[in-house]
Asker: 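Below: one structure in structure tokens.
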Amino acid sequence: MLSFIRRITQSKLGVFVTMGVLAVIALAFALGDITGIAPSGAPSGANVAKVGDAQISDAELQQRVRVALDAERERRQGPVDINAFVDAGGVEGVLDQIINTLALDRFAQASGMVASKALVDGQIASIPAFQGFDGKFNQATFERLLQQRGITQAQLREDIRRETFARWLITPTIGASQVADRMALPYASLLLEKRQADIAFVPARPEAGGAAPTDEQIATFYQRNRSRYLVPERRVLRYALVSRDSVANGISVSDAELQAAYRAAASRYGASETRSVSQVIVADQALADRLAQQVRGGATVEAAARGAGLEPSTIADATREALAGRTSAAVAEAAFGAPANGVVGPVRSGLGFHVLRVTDVAQRAGRTLEQARGELTEELRTRKIAEALNAAQDRIDRGITEGGTFDEITADARLSGQRTPPVTAQGFDPDNPERAPDPALARLYAAGFDAEEGDAPQLVALGDDGSFALVALERIVPAAPRPLATIRETVARDYRMDRARQAARAQANSIVKRVDGGTALRQAMAAEGVQAPPVQSIDVARADLARRGQELPPPVTLMFSMKKGTAKILEAPDRTGWFIVSVTGIQNGNAEGNADAINATRAGLASVVGTEYAEQFAAAARGSLGVTRNEQAVQRVRNTLTGRAE
């Protein structure tokens, strides 16, 4: 609700709104994956910001922006262009996250908060990337991944400690949900406001672009708009895959192995007996004796127990071992020594004295080796495949540790190496747009873009089934615009369309001047002789739009930030023309005494007020320390990430 109100009352539009979530307080790059942890050591270049006495380097900001971009791609499950990400405020959002985390860290330390070594160790052990195929923390994997990413254990612990402090400080605040009626009243009144507006569209027609451009005009346009034709940074990767199927080809299970496994599982496949019992457990032996006499005299365990104010219990279809686990070995021995419907007890266990009746005895026939062959074979194959994957990983890991090259390691491990074309971080080949990237290799591409030239090959887990890949960066193709000669027709078309947009904008500005002079929008459009779709009239309340629960068209958003009697232009999201919005009427809302409107607004605000408090808490922490930003350094980071000239 609050985010909706903000969206429709602010004048800044477009992707800045949708990307604004990046600036919300976050436990940034938390503990779910090692890719969310970046080095936090000494700056390698200029500092982009300072929080108290802590400095944020341009290298750290670049690294964390790439992490945020990868997270956004994973969230959308598709490509996200880094230029669009940066233009939408991605760098600023990530920098805000870093600043907030540092501010909260300093506040926590000043308040005497401590994150113990044991706590940090426990969080490290829970990170999936540090776990082996058995799901347990693996020290070798831990050290290898840190080495591959140039992160020391001290840096990792520092990141986790900071995020722990942030979580402790922010989580209680985010949980706040109480909103007073007087706080909800102005928002409820705002939602009851109604507005009327006329909306027109002035299209940019390609024929308005004039004659075909000259070579000089095309070259000048190309130089001024190089970023439009930029091919993002690409990388050529070497890789070799190790999957369950690749190691399973040579794995078989012998009869001797089956027989040994069958013998080891004798209790599982042999004939067995289960028993169901009803029992009562008594702390006093004398009472237990009396209850046992009643049961032997014909009373049910349930009736005898309840007559003494006790609650009976039942255990169904339990083996001897299962019954012993739920009671004691002595109780299980006695129960399995009694006949069906026999009464046992009192028998003492750690819980007290048991009195029980055997209510059912069931015999389960054993399974022969032939009957269990299929099940055992599959289990043994699965185990041997996992062992083979582990062995292959250890062998390749030794090769990496010993400084082997990609070719040497693959030759030693008898793997088939492959090479990608120059691809983006998502695996797309701009020179072959018809080729879709293999989603199974997404982690491989990400690892290749985390590497630096000269880095050793690295192991990358590809799936939960234990499959992995050896990956090495062969070369980096820097971001650069396509040569003009290869896209001349495209540039010429863009040039004419750009002139058409300029002509359409000039028409739209002339129409706005007429409207500001008192002419109605329909008459102003006619006076300019614009060939356009009919003018649309809108009469709507904010609350009606809120109930739709969907992103508002930009012209509708704009109309709720304007004054009555004014007109403004707004470029269409696809750059095919210009909207003209003319606000013709405003009826203010008043929710005073409207309990339904106030209660609905309170409910909507309750879901976000905690985040508002958290933002204010972080702002107070930043204010107490002092924050300065080096905007020139931040701009250089933007240029570096997008490949644009400074």
Asker: Is there a side chain to side chain contact (heavy atoms under 4.5 Å, CB included) between Arg326 and Ile315 once you walk through the steps?
Answerer: CA-CA 9 Å; Arg326 298 183 62 176; Ile315 300 175; 3.6 Å; yes

Asker: Ignoring hydrogens, what is the shortest heavy-atom contact between Tyr269 and Ala372? Give both atom names and the distance.
Answerer: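 Answer, listing the atom of Tyr269 first, then Ala372: CE2-CB, 3.5 Å.
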
Asker: Checking Gln139 now: which residues fulfil side-chain hydrogen bond (donor to acceptor under 3.5 Å, both in side chains) with it, not counting sequence neighbours?
Answerer: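 Gln139 satisfies side-chain hydrogen bond (donor to acceptor under 3.5 Å, both in side chains) with Glu143 only.
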
Asker: Quick check: do Ile56 and Val51 have side-chain heavy atoms less than 4.5 Å from each other?
Answerer: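 Yes, side chains in contact.
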
Asker: Go through the steps for Phe406 and Leu470 under the test side chain to side chain contact (heavy atoms under 4.5 Å, CB included), then give the verdict.
Answerer: CA-CA 8 Å; Phe406 179 87; Leu470 176 69; 3.8 Å; yes

Asker: Test side chain to side chain contact (heavy atoms under 4.5 Å, CB included) on Val120 and Gln123 and set out the steps.
Answerer: CA-CA 5 Å; Val120 174; Gln123 297 202 38; 5.8 Å; no

Asker: Does the side chain of Val280 reach to within under 4.5 Å of the side chain of Leu356, using non-hydrogen atoms?
Answerer: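 They are not in side-chain contact.
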
Asker: Would you call Glu375 and Arg367 a side-chain contact if the rule is heavy atoms closer than 4.5 Å?
Answerer: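 When only atoms from C-beta onward are counted, Arg367 and Glu375 do touch, with a gap below 4.5 Å.
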
Asker: Is a donor on one side and an acceptor on the other found under 3.5 Å between the side chain of Arg357 and the backbone of Ser278?
Answerer: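 No: the side chain of Arg357 does not pair with the backbone of Ser278.
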
Asker: Does any N or O in the side chain of Thr359 come within less than 3.5 Å of the main-chain N or O of Ser276, such that one atom is a donor and the other an acceptor?
Answerer: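 Here the side-chain-to-backbone pair exists.
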
Asker: Can you see which heavy atom on Ala621 is nearest to which on Leu104, and at what distance?
Answerer: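 Heavy-atom minimum between the residues: CB-CD2, 4.4 Å.
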
Asker: Is Glu163 salt-bridged to Arg167, cutoff N-O under 4.0 Å?
Answerer: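 Salt bridge: no.
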
Asker: Looking only at side chains, do Asp289 and Gln285 share a donor and an acceptor under 3.5 Å apart?
Answerer: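 No.
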
Asker: Is any side-chain N of the basic residue among Glu333 and Arg320 closer than 4.0 Å to the acidic one's carboxylate O?
Answerer: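 Yes.
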
Asker: With rounding to the nearest 0.5 angstrom, report the OH to OG1 distance, Tyr239 to Thr420.
Answerer: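 Going from OH on Tyr239 over to OG1 on Thr420, the span is 7.5 Å.
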
Asker: How long is the gap from OG on Ser252 to CZ on Arg381, to the nearest 0.5 Å?
Answerer: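 Rounded to the nearest 0.5 Å, the OG-CZ separation comes to 8.0 Å.
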
Asker: At what distance, to the nearest 0.5 angstrom, does CG of Leu473 lie from CZ of Arg238?
Answerer: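 So the gap between those two atoms works out to 11.5 Å.
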
Asker: Can you tell me how far apart CG (Leu415) and CD1 (Ile396) are? Round to the nearest 0.5 Å.
Answerer: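 One finds 5.0 Å between CG of Leu415 and CD1 of Ile396.
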
Asker: Do any N or O atoms from the side chain of Asp397 and from the backbone of Gln393 form a donor-acceptor pair under 3.5 angstrom?
Answerer: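 No; zero donor-acceptor contacts below 3.5 Å.
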
Asker: Is the number of heavy atoms from other residues, nucleotides or ligands under 6.0 Å of Arg296 CZ greater than 12?
Answerer: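 Above 12, so yes.
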
Asker: Do Leu241 and Leu444 touch side chain to side chain, with heavy atoms closer than 4.5 Å?
Answerer: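 In contact.
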
Asker: One thing to verify: whether Glu370 and Arg373 come together as a salt bridge, which I'm taking to mean a side-chain N less than 4.0 angstrom from a carboxylate O.
Answerer: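 Between Glu370 and Arg373 there is a salt bridge, with a charged N closer than 4.0 Å to a carboxylate O.
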
Asker: Strictly distance-based, threshold 3.5 Å: is any side-chain N or O of Thr101 a donor or acceptor partner for the main-chain N or O of Gln97?
Answerer: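 Yes: the side chain of Thr101 pairs with the backbone of Gln97.
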
Asker: Decide yes or no for Leu380 and Leu258: does some side-chain heavy atom of the first lie under 4.5 Å from some side-chain heavy atom of the second?
Answerer: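 They are in contact (side-chain heavy atoms under 4.5 Å apart), so the answer is yes.
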
Asker: Does a side-chain heavy-atom distance below 4.5 Å link Leu237 with Tyr445?
Answerer: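 Of all side-chain heavy-atom pairs linking Tyr445 with Leu237, at least one is under 4.5 Å.
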
Asker: Please check this pair: side chain of Ser467 against backbone of Arg244, looking for a donor-acceptor N/O pair closer than 3.5 Å.
Answerer: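 Absent.
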
Asker: What's the spacing between Asp317 CG and Thr274 OG1 if we round to 0.5 Å?
Answerer: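 Here the rounded value is 4.5 Å.
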
Asker: Less than 4.0 Å between a side-chain N and a carboxylate O, is that true for Arg64 and Asp159?
Answerer: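 Salt bridge flag = yes for Arg64 with Asp159.
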
Asker: Do side-chain atoms of Ser246 reach the backbone of Val242 as a donor and acceptor pair under 3.5 angstrom?
Answerer: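 No, Ser246 side chain to Val242 backbone: no donor-acceptor pair under 3.5 Å.
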
Asker: Give the C-alpha distance, both sets of side-chain angles, the deciding distance and a yes or no for salt bridge (charged side-chain N to carboxylate O under 4.0 Å, His left out) between Arg161 and Asp105.
Answerer: CA-CA 8 Å; Arg161 185 188 61 76; Asp105 172 61; 2.8 Å; yes

Asker: Are any side-chain N or O atoms of Asp455 and backbone N or O atoms of Glu452, one a donor and one an acceptor, separated by less than 3.5 Å?
Answerer: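 Present.
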
Asker: Does the side chain of Leu156 reach to within under 4.5 Å of the side chain of Phe142, using non-hydrogen atoms?
Answerer: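 Leu156 vs Phe142: side chains touch.
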
Asker: Arg162 side chain to Arg157 main-chain N or O, any donor-acceptor pair under 3.5 Å?
Answerer: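 Such a contact is absent between Arg162 side chain and Arg157 backbone.
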
Asker: Checking the side chain of Ser349 only, and the main-chain atoms of Leu351 only, is there a donor and an acceptor separated by less than 3.5 Å?
Answerer: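 Yes; judged by distance alone, with no hydrogens or angles, the pair exists.
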
Asker: Which heavy-atom pair separates Phe137 from Ile124 by the least distance, and what is that distance?
Answerer: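 For Phe137 and Ile124, the tightest heavy-atom pair comes out as CE1-CG2, 3.9 Å.
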
Asker: Work out which heavy atom in Ile409 is nearest to a heavy atom in Gly399; give both atom names and the distance.
Answerer: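 Taking every non-hydrogen atom into account, CD1-C, 3.8 Å.
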
Asker: So does Thr368 get a backbone contact from the side chain of Gln371, meaning a donor-acceptor N/O pair under 3.5 Å?
Answerer: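 Yes, the answer is positive, given that a donor and an acceptor are paired below the 3.5 Å cut-off.
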
Asker: What are the two closest heavy atoms between Phe353 and Pro346, and how far apart are they?
Answerer: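 Closest approach of Phe353 to Pro346: CB-CB, 4.1 Å.
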
Asker: Would Arg275 count as a cation-pi partner of Phe336, with NZ or CZ less than 6.0 Å from the six-membered ring centre and within 45° of the ring normal?
Answerer: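 Output yes; distance and angle both within limits.
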
Asker: Taking 4.0 angstrom as the limit, do Arg306 and Glu302 come out as a salt bridge?
Answerer: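 Here Arg306 does not pair with Glu302 in a salt bridge, since their nearest N and O are not under 4.0 Å apart.
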
Asker: Please determine whether a side-chain nitrogen of the Lys or Arg among Lys117 and Asp121 lies less than 4.0 Å from a carboxylate oxygen of the Asp or Glu.
Answerer: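 So Lys117 pairs with Asp121 through a salt bridge.
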
Asker: Determine whether Phe107 and Phe165 satisfy the following criterion, ring-ring contact (aromatic ring centres under 6.0 Å, His included), listing intermediate values before the conclusion.
Answerer: CA-CA 9 Å; Phe107 181 88; Phe165 285 157; over 10 Å; no

Asker: Looking only at the side chains, is there a donor atom on one of Glu273 and Thr319 sitting less than 3.5 Å from an acceptor on the other?
Answerer: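 No - no donor-acceptor pair under 3.5 Å links their side chains.
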
Asker: So which heavy atom on Leu323 is nearest to which on Ala332, and how close?
Answerer: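 What the structure gives for the nearest pair is CD2-CA, 3.9 Å.
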
Asker: Check the pair Leu459 / Ile400 against side chain to side chain contact (heavy atoms under 4.5 Å, CB included), numbers first and verdict last.
Answerer: CA-CA 9 Å; Leu459 285 174; Ile400 296 173; 4.0 Å; yes

Asker: Roughly how far, to the nearest 0.5 Å, is CG of Leu369 from CZ of Arg263?
Answerer: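 Going from CZ on Arg263 over to CG on Leu369, the span is 9.5 Å.
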
Asker: Determine whether Leu291 and Gln293 make a side-chain contact, defined as any pair of heavy atoms from C-beta on separated by less than 4.5 Å.
Answerer: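 No, every pair of side-chain atoms sits at 4.5 Å or beyond.
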
